[in-house]
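Note sheet for the following structure.
Numbers restart at 1 for each chain; the letters A, B, ... are given by sequence-line order, proteins then strands.
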Amino acid sequence: MISCRRSERNSVRNLVKMSRNVTSSNKEKQTRKKQVTKRMKLNNNLNADHILQSSCNGSRTPTYGLNRLNDSFFDVPCEDLAKRLLGKILVRRIDDGTVLKGRVVETECYPGGEDKASCSYNGRITETIKAVYMKPGTAFVYVTYGMYHCINISSQGAGAAVLLRALEPLEGFEFMQLERQKRRKTTSAAATKRKELQVHDLCSGPAKLCMSFSITKSSCNERDLAVWDGMWIEEDDSKEEALHIVTSHRIGIDSVGTEWALKPFRFYLLGNSSVSRRDEAREKAFRE
DNA sequence: CTAAGGATTTGCT
DNA sequence: GCAAATCCTTAGA
């Protein structure tokens, strides 16, 4: 008898629970629907020409980075920008005064338009990606896999940009090391065995370099690298030797199909240990 | 060394 | 509801 009553009570309880769940999930659905329509309205109003024009206004003289590369450096087709960025120095100035430097050693170009791997494929424009339509030299930072950031630099051409894939750290190793440790997984077994990262592992990937350089969507997206005091690109005056550039295919975009995944849109400096992924075949062909 | 699986949020179809 | 421009750890060769 008792158990019967108890089970009755439980089933009632479950029903209440369920109905609560149903109503709350309906509410959630409605809110989500509203958010989606709102977002779509915003996105529908976006226009490439307008975004470009309005992002060209408001230029000013930077206080920091007086040796920085200016507008004309960025205002070239994305394939050219991807190549000319190699060997240049990315400088980041954190608000507390910390300065980080790294030589660009690996890039990828995302021209937009026909390219299925580009977020701006087929002229798509949304609030989150509108930085790629902004003035050449604008930083486009987005969240990937729910937990990492990647940084692109807008180039000439609507929706075209260059992804920074790897840097060779030059200055600020300790800061980078700390930023990387923050994000590392903390299972107790691994934590005890944990070692300091090698310098060449600090920025050897698009999300790694964003962690090391403290680059996030909120801090860096839509910033103009030609004038912003937080980040810029400089010429590297220390090296006079010619750069050996290896051309390969882009990484992590297999799902778009072989035609676009195999395009020779990734460029890196031969023999640099900070490169995220080497292409042995292309390197061999390069030497011959 | 390579391979596999988990983490985890966002925005679109 | 699902895919995503990645990284980290663990397991096994």
Side-chain angles (χ1 to χ4, degrees), chain A residues 25 28-29 31-44 46 78 82 85 104 106-112 115-132 139-155 159-167 176-177 179-198 200-213 215-218 221 248-258 260-268 274-278 280:
Chain A
S25 77
E28 275 169 24
K29 267 183 194 168
T31 349
R32 212 165 51 193
K33 210 174 182 182
K34 269 185 195 168
Q35 285 171 343
V36 168
T37 22
K38 194 176 169 188
R39 196 166 54 218
M40 280 175 75
K41 252 185 198 170
L42 279 172
N43 289 345
N44 284 339
L46 293 175
C78 69
L85 273 166
V104 180
E106 184 180 355
T107 57
E108 279 178 0
C109 68
Y110 287 85
D115 175 34
K116 286 186 184 166
S118 295
C119 59
S120 53
Y121 168 59
N122 221 359
R124 177 171 156 264
I125 311 180
T126 65
E127 273 293 330
T128 39
I129 67 163
K130 76 174 196 291
V132 289
F140 164 43
V141 182
Y142 70 96
V143 179
T144 182
Y145 293 95
M147 55 193 323
Y148 296 114
H149 293 275
C150 289
I151 179 169
N152 296 247
I153 302 176
S154 168
S155 71
V162 174
L163 170 71
L164 298 185
R165 273 198 67 86
L167 307 172
M176 297 184 200
Q177 194 76 241
E179 289 298 303
R180 288 296 303 285
Q181 300 294 352
K182 270 189 209 168
R183 308 291 202 90
R184 296 233 266 160
K185 288 187 182 171
T186 50
T187 59
S188 54
T192 52
K193 278 194 285 187
R194 181 170 297 165
K195 284 181 198 159
E196 255 202 356
L197 291 165
Q198 302 269 13
H200 70 260
D201 286 328
L202 286 171
C203 304
S204 57
K208 291 179 188 173
L209 76 87
C210 285
M211 289 185 245
S212 288
F213 273 62
I215 293 170
T216 61
K217 190 177 168 183
S218 59
N221 192 35
S248 181
H249 61 84
R250 293 174 290 181
I251 305 294
I253 53 163
D254 295 338
S255 59
V256 302
T258 50
W260 289 98
L262 294 180
K263 292 268 181 198
F265 282 169
R266 185 168 68 102
F267 310 96
Y268 67 85
S274 292
V275 170
S276 71
R277 281 168 78 165
R278 295 175 56 190
E280 304 280 357

Out of [options], whichever nucleotide has its closest atom nearest the side chain of [X]:
X	options	value
A:Val36	B:dT13, C:dC8, C:dT6	B:dT13
A:Asn43	B:dC12, B:dA7, C:dA5	B:dC12
A:Pro206	C:dT6, B:dG11, C:dC8	C:dT6
A:Ser255	C:dA4, C:dC8, C:dA5	C:dA4
A:Arg180	C:dA5, C:dC7, C:dC8	C:dC8
A:Cys119	C:dA5, C:dC7, B:dA7	C:dA5

Protein-nucleotide distance ([X], atom [atom1]; [N], atom [atom2]), rounded to Å:
X	N	atom1	atom2	value
A:Lys208	C:dT9	NZ	P	11 Å
A:Met40	B:dC12	CE	P	9 Å
A:Ile215	C:dA5	CD1	C1'	15 Å
A:Arg39	B:dC12	CZ	P	5 Å
A:Leu197	C:dC8	CG	P	7 Å
A:Asn44	B:dT13	CG	P	10 Å
A:Arg124	C:dA4	CZ	C1'	11 Å
A:Met211	C:dA5	CE	P	16 Å

Ignoring backbone atoms, test whether [X] places a side-chain nitrogen or oxygen under 4.0 Å from the OP1 or OP2 oxygen of [N].
X	N	answer
A:Lys217	B:dG11	yes
A:Arg165	C:dT6	yes
A:Ser118	C:dA5	no
A:Thr128	B:dT10	no

Base, sugar-phosphate, or nothing: which does A:Ala207 touch, judged by heavy atoms less than 4.0 Å apart? sugar-phosphate
Just checking A:Ile253: base, sugar-phosphate only, or nothing, at a heavy-atom cut-off of under 4.0 Å? sugar-phosphate
Is it the case that A:Ser120 and A:Ser118 place a side-chain donor and acceptor less than 3.5 Å from each other? no
Are A:Arg250 and A:Glu108 within salt-bridge range, i.e. N to O under 4.0 Å? no
With sequence neighbours excluded, tell me which residues meet side-chain contact (heavy atoms from CB on, under 4.5 Å) with A:Leu262. A:Thr258
A:Ser155 meets the side-chain contact (heavy atoms from CB on, under 4.5 Å) criterion, sequence neighbours left out, with A:Cys78, A:Leu81, A:Ala160
Taking the nucleotide of DNA chain C with the nearest heavy atom to each, does A:Ser276 or A:Gly146 sit closer to the 5' end? A:Gly146
Test item: A:Val162 and A:Tyr110 side chains (from C-beta on) under 4.5 Å apart, heavy atoms: no
For DNA chain B, what is the dot-bracket line, given that a base pair needs Watson-Crick (N1 to N3, plus N6-O4 or O6-N4) or G-U wobble (N1-O2 and O6-N3) geometry with both distances under 3.5 Å, and | means paired with another strand? |||||||.||||.
Run through A:Thr37, A:Val36, A:Leu42 and flag the one making a side chain to side chain contact (heavy atoms under 4.5 Å, CB included) with A:Met40. A:Val36
Can you check whether A:Tyr148 stacks with the C:dT6 base, using ring centres under 5.5 Å and planes within 30°? no
Stacking between A:Tyr145 and B:dA7, defined as ring centres under 5.5 angstrom apart with planes under 30°, is that present or not? no
Side chain of A:Arg180, backbone of A:Leu202: donor and acceptor closer than 3.5 Å? yes
Main-chain N/O of A:Ile125 paired with A:Asn43 side-chain donor or acceptor, under 3.5 Å: no
